[in-house]
Amino acid sequence: SGDALMGRYVQIINGPNLQLLGRREPAIYGTATLDDIIGSVRERFGSIEIRHMQSNCEGAIIDALHGCGFDSDCMGVVLNAGAYTHTSLAIADAIAAIERPVVEVHLSNIFAREEIRHRSLIAANCAGSISGFGAESYALALQALIDYDR
Ligand code: DQA
């Protein structure tokens, strides 16, 4: 809640299929909805503005990265790229192109799942990655970004 945080925000970006959280494979992704998750981090990080967008479209995710990634008021991005994590060189390139740090997040532990999910094309361009803590992954990513910013 210090001056360093005044007027600054974190951009959360959720990729494909994540608007279905709560009813999408709850045994893997939990029962919290995306609104529950965003609401809970907004409550916990009350002093920081949290902007959120979700899209199923690769290009819209890239546009969102460009939109905040050169903004000095943006502390950084918390990105769950969904399956694009494993396929999108274009999103990896967008993360490399922008100036603000990106933290990769996953609800599930991608390394404990199918082999194809073990590889992240975006990880090397991110400040770091958090995977496997369910809805809590977002709060951990936010805290990491805030600490990293200092
Ligand atoms: C995910 C993991 C990805 O492998 C998957 O395609 C998703 C969600 C996660 O949050 O655990 O859509 O990013």
Side-chain angles (χ1 to χ4, degrees), residues 8-71 74-149:
R8 308 197 66 205
Y9 67 92
V10 172
Q11 177 72 54
I12 300 180
I13 300 175
N14 277 292
N17 302 303
L18 293 164
Q19 88 282 10
L20 297 177
L21 284 179
R23 56 195 166 126
R24 172 194 183 198
E25 302 185 89
I28 296 172
Y29 298 117
T31 53
T33 66
L34 196 50
D35 279 353
D36 292 337
I37 292 171
I38 301 305
S40 122
V41 292
R42 283 199 172 119
E43 227 169 79
R44 281 165 68 172
F45 296 87
S47 55
I48 294 159
E49 183 188 343
I50 293 170
R51 300 186 186 174
H52 176 238
M53 75 83 80
Q54 185 277 329
S55 179
N56 297 321
C57 302
E58 190 174 22
I61 295 165
I62 292 165
D63 287 342
L65 288 164
H66 296 170
C68 65
F70 297 95
D71 181 358
C74 178
M75 298 172 69
V77 180
V78 170
L79 171 65
N80 186 346
Y84 286 140
T85 303
H86 318 296
T87 65
S88 180
L89 192 56
I91 291 177
D93 282 351
I95 295 166
I98 64 176
E99 293 170 350
R100 310 311 296 148
V102 176
V103 178
E104 172 184 11
V105 337
H106 303 286
L107 294 139
S108 64
N109 179 351
I110 58 174
F111 304 103
R113 299 185 61 194
E114 309 96 294
E115 183 114 29
I116 198 165
R117 296 184 202 275
H118 296 184
R119 182 185 66 161
S120 168
L121 294 188
I122 68 172
N125 296 339
C126 289
S129 303
I130 294 170
S131 176
F133 297 98
E136 190 64 19
S137 288
Y138 288 85
L140 292 166
L142 256 150
Q143 189 61 57
L145 205 48
I146 291 160
D147 294 344
Y148 189 73
D149 187 75

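Both counts, for ligands and for their atoms, begin at 1 and track the order of listing.
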Protein contact to atom 5 (C) of ligand 1 [nearest heavy atom, distance to 0.1 Å]: Arg117 NH1, 3.3 Å
Any N or O of Leu18 closer than 3.5 Å to N or O of ligand 1: no
Arg119, CZ atom: more than 12 neighbouring heavy atoms under 6.0 Å: no
Flag if over 12 foreign heavy atoms under 6.0 Å of CD, Glu99: yes
From CA spacing to verdict: side-chain hydrogen bond (donor to acceptor under 3.5 Å, both in side chains), Glu58, Asn56: CA-CA 7 Å; Glu58 190 174 22; Asn56 297 321; over 6 Å; no
Distance (rounded to the nearest 0.5 Å) between Ile61 CD1 and Met53 CE: 6.5 Å
Any pair counted as salt bridge (Lys or Arg N to Asp or Glu O under 4.0 Å), so long as it reaches residues 74-89, sequence neighbours left out: none
Show which side-chain atoms of residues 122-144 pair as donor or acceptor with protein atoms under 3.5 Å away, not counting sequence neighbours.
from	atom 1	to	atom 2	distance (Å)
Asn125	ND2	Ala92	O	2.8
Ser129	OG	Glu104	OE1	2.5
Ser131	OG	Ser108	O	2.9
Ser131	OG	Ile110	N	3.1
Glu136	OE1	Arg44	NH1	3.1
Glu136	OE2	Arg44	NH2	2.9
Ser137	OG	His106	O	2.9
Ser137	OG	Phe133	N	3.0
Ser137	OG	Gly134	O	3.3
Tyr138	OH	Asn14	OD1	2.5
Tyr138	OH	Asn80	ND2	3.1
Gln143	NE2	Asp147	OD1	3.0

Atoms in ligand 1 with a heavy atom of His86 nearer than 4.0 Å: 3 (C), 4 (O)
Under-4.0 Å heavy-atom contact with ligand 1, by part of His106 that carries it: both
Closest non-hydrogen atom pair between Ala97 and Phe70, with its separation: O-CZ, 3.6 Å
Whether Arg24 lies under 4.0 Å from ligand 1, heavy atom: yes
Nearest option to atom 8 (C) of ligand 1, as decided by whichever heavy atom of Phe133, Tyr29, Tyr84 sits closest: Tyr29
Residue-ligand contact Asn17/ligand 1, heavy atom below 4.0 Å: no
Matching residue for His52 among Val41, Val78, Ile38 - test: side chain to side chain contact (heavy atoms under 4.5 Å, CB included): Ile38
Asn80, portion touching ligand 1 at heavy-atom distance under 4.0 Å: side chain
Shortest heavy-atom approach to atom 2 (C) of ligand 1 - which of Pro16, Gly15, Ser108: Ser108
Nearest-neighbour protein heavy atom for atom 9 (C) of ligand 1, which is reported as residue plus atom name and distance: Leu107 N, 3.4 Å
Ala83 N/O to ligand 1 N/O under 3.5 Å: yes
